[in-house]
Amino acid sequence: MRKQIAAANWKMNLTYQEGEKLLDDIFDAGTSLAPHQHAIFAVPYPYLIMTRSEVAEEFNYHVAAQNCHHKKSGAYTGEVSVDMLQSIGVHYCIVGHSERREYNAETNAMLADKVNLCQENGITPIFCCGEPLDIREAGTQNEFVAAQLRESLFHLPAARIKGIIIAYEPIWAIGTGRTASTAQAQEMHHFLRSVIADHYGKDIADEIPILYGGSVKANNAEELFSSPDVDGGLVGGASLVAADFTAIISALK
Ligand code: PEP
């Protein structure tokens with residue numbers, strides 16, 4: 001079975017102590033994962049080492065960075081490189097979250113560089129894509145999202161694309177409480193898998209986890225994840241509450 005993943009994106013929330021307590025509360029709940037299920041915590045940089053130590057005790061729980069720089073090293077004050085992440089044992093990194101695309105002017109070409117650097121350092125990119133509201137209202141979301149994949153991922157050889165996790169996150173659903181319907185999520189995920197299949201073949205497309213992100217909550221996760229092409233979720237707000245994220249992990253197929 002394809003990997004099923006619940007990924008928490010804490011964004012710029014929680015103090016170190018609050019983050020540590022949240023992890024403790026989640027692990028105290030004792031939610032165990034099947035071999036094909038994974039939970040990933042994308043935490044702020046200063047909490048990566050603490051979180052890595054906490055997840056090391058748990059089966060199939062992992063830590064992720066929320067971003068990395070698109071250059072290998074150099075005079076980029078305040079930035080964090082992929083080499084740095086690798087050197088502290090981080091094996092996952094969110095790439096291209098819509099908030100970074102918007103507030104940090106990240107382009108598809110820049111994200112292709114980040115994907116390359118991550119993979120060269122043994123870090124799995126969680127590649128985010130998704131359309132803004134005006135594109136959804138114009139009905140051109142498929143073309144928009146397919147172009148994001150093409151321009152940031154389709155330079156990869158087949159052996160490399162298999163190592164990507166994709167998160168489809170319609171921007172109009174992020175942090176708004178307005179979730180895509182189960183049908184809308186399944187339709188887009190099925191379309192994305194077909195775009196990958198056209199380029200790399202069906203076997204490879206069938207291996208790649210595609211997560212849904214956008215107001216996933218404890219009370220809608222099970223329905224969203226039940227769709228055949230939805231392989232879990234990337235979760236913002238609800239990942240900050242232990243009981244809610246635990247319920248979302250439990251909703252994985
Ligand atoms: C996100 O940050 O990727 C996200 C989907 O946030 P939320 O769950 O709060 O909509």
Side-chain angles (χ1 to χ4, degrees), residues 4-14 18-19 22-23 26 38-45 47-48 51 62-68 92-104 106 108 111 114-115 118 124-133 135-136 141 144-145 148-149 152 164-182 184-189 192 209-227 229-252:
Q4 303 294 306
I5 299 166
N9 178 12
W10 289 3
K11 310 192 189 192
M12 198 173 72
N13 291 300
L14 307 177
E18 288 166 345
L22 175 58
L23 291 171
I26 289 170
H38 296 258
I40 303 174
F41 297 98
V43 303
Y45 292 133
Y47 312 167
L48 285 169
T51 306
H62 312 276
V63 60
Q66 297 175 11
N67 178 44
C68 59
Y92 293 87
C93 184
I94 296 177
V95 170
H97 192 281
S98 60
E99 287 153 15
R100 293 208 56 90
R101 290 176 187 260
E102 181 178 353
Y103 306 134
N104 299 80
E106 294 192 351
N108 289 341
L111 301 177
K114 293 190 188 205
V115 165
C118 281
T124 299
I126 302 170
F127 178 79
C128 299
C129 57
E131 79 286 355
L133 186 59
I135 295 285
R136 170 65 63 165
Q141 66 273 11
F144 185 92
V145 181
Q148 291 180 319
L149 294 198
S152 298
I164 299 276
I165 297 167
I166 292 173
Y168 167 61
E169 301 206 301
I171 296 170
W172 45 271
I174 297 179
T176 59
R178 180 180 166 189
T179 317
S181 69
T182 308
Q184 283 172 321
Q186 167 57 23
E187 191 180 14
M188 178 58 88
H189 285 224
L192 292 178
I210 307 180
L211 317 185
Y212 167 77
S215 299
V216 175
K217 304 289 178 203
N219 62 6
N220 61 20
E222 191 169 351
E223 191 187 331
L224 284 161
F225 299 171
S226 68
S227 298
D229 287 294
V230 177
D231 304 313
L234 178 56
V235 186
S239 74
L240 301 173
V241 178
D244 290 357
F245 194 59
T246 303
I248 290 168
I249 295 171
S250 301
L252 288 173

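Numbers for residues simply follow the sequence, beginning at 1. Just follow the structure's listing: the first ligand is 1, and inside any ligand the first atom is 1. What you are looking at is a predicted structure, and each value in this text was computed from that prediction instead of being measured.
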Students should find this: residues with any non-hydrogen atom under 4.0 Å from ligand 1. What is the answer?
N9, K11, H97, E169, A173, I174, G175, G213, G214, S215, L234, V235, G236, G237
Under 3.5 Å, is there a donor-acceptor pair between the side chain of Y47 and the main chain of L14?
yes
Do side-chain atoms of D231 reach the backbone of I210 as a donor and acceptor pair under 3.5 angstrom?
yes
Scan residues 233-247 for pairs that pass side-chain hydrogen bond (donor to acceptor under 3.5 Å, both in side chains), counting only residues two or more places apart or in two chains.
none
Nearest heavy-atom contact between K114 and V95 is CB-CG1, 4.0 Å
Check whether the side chains of Q148 and N108 place a donor and an acceptor atom closer than 3.5 Å, and report yes or no.
no
Ring centroid separation for F41 and F245, is it under 6.0 angstrom?
yes
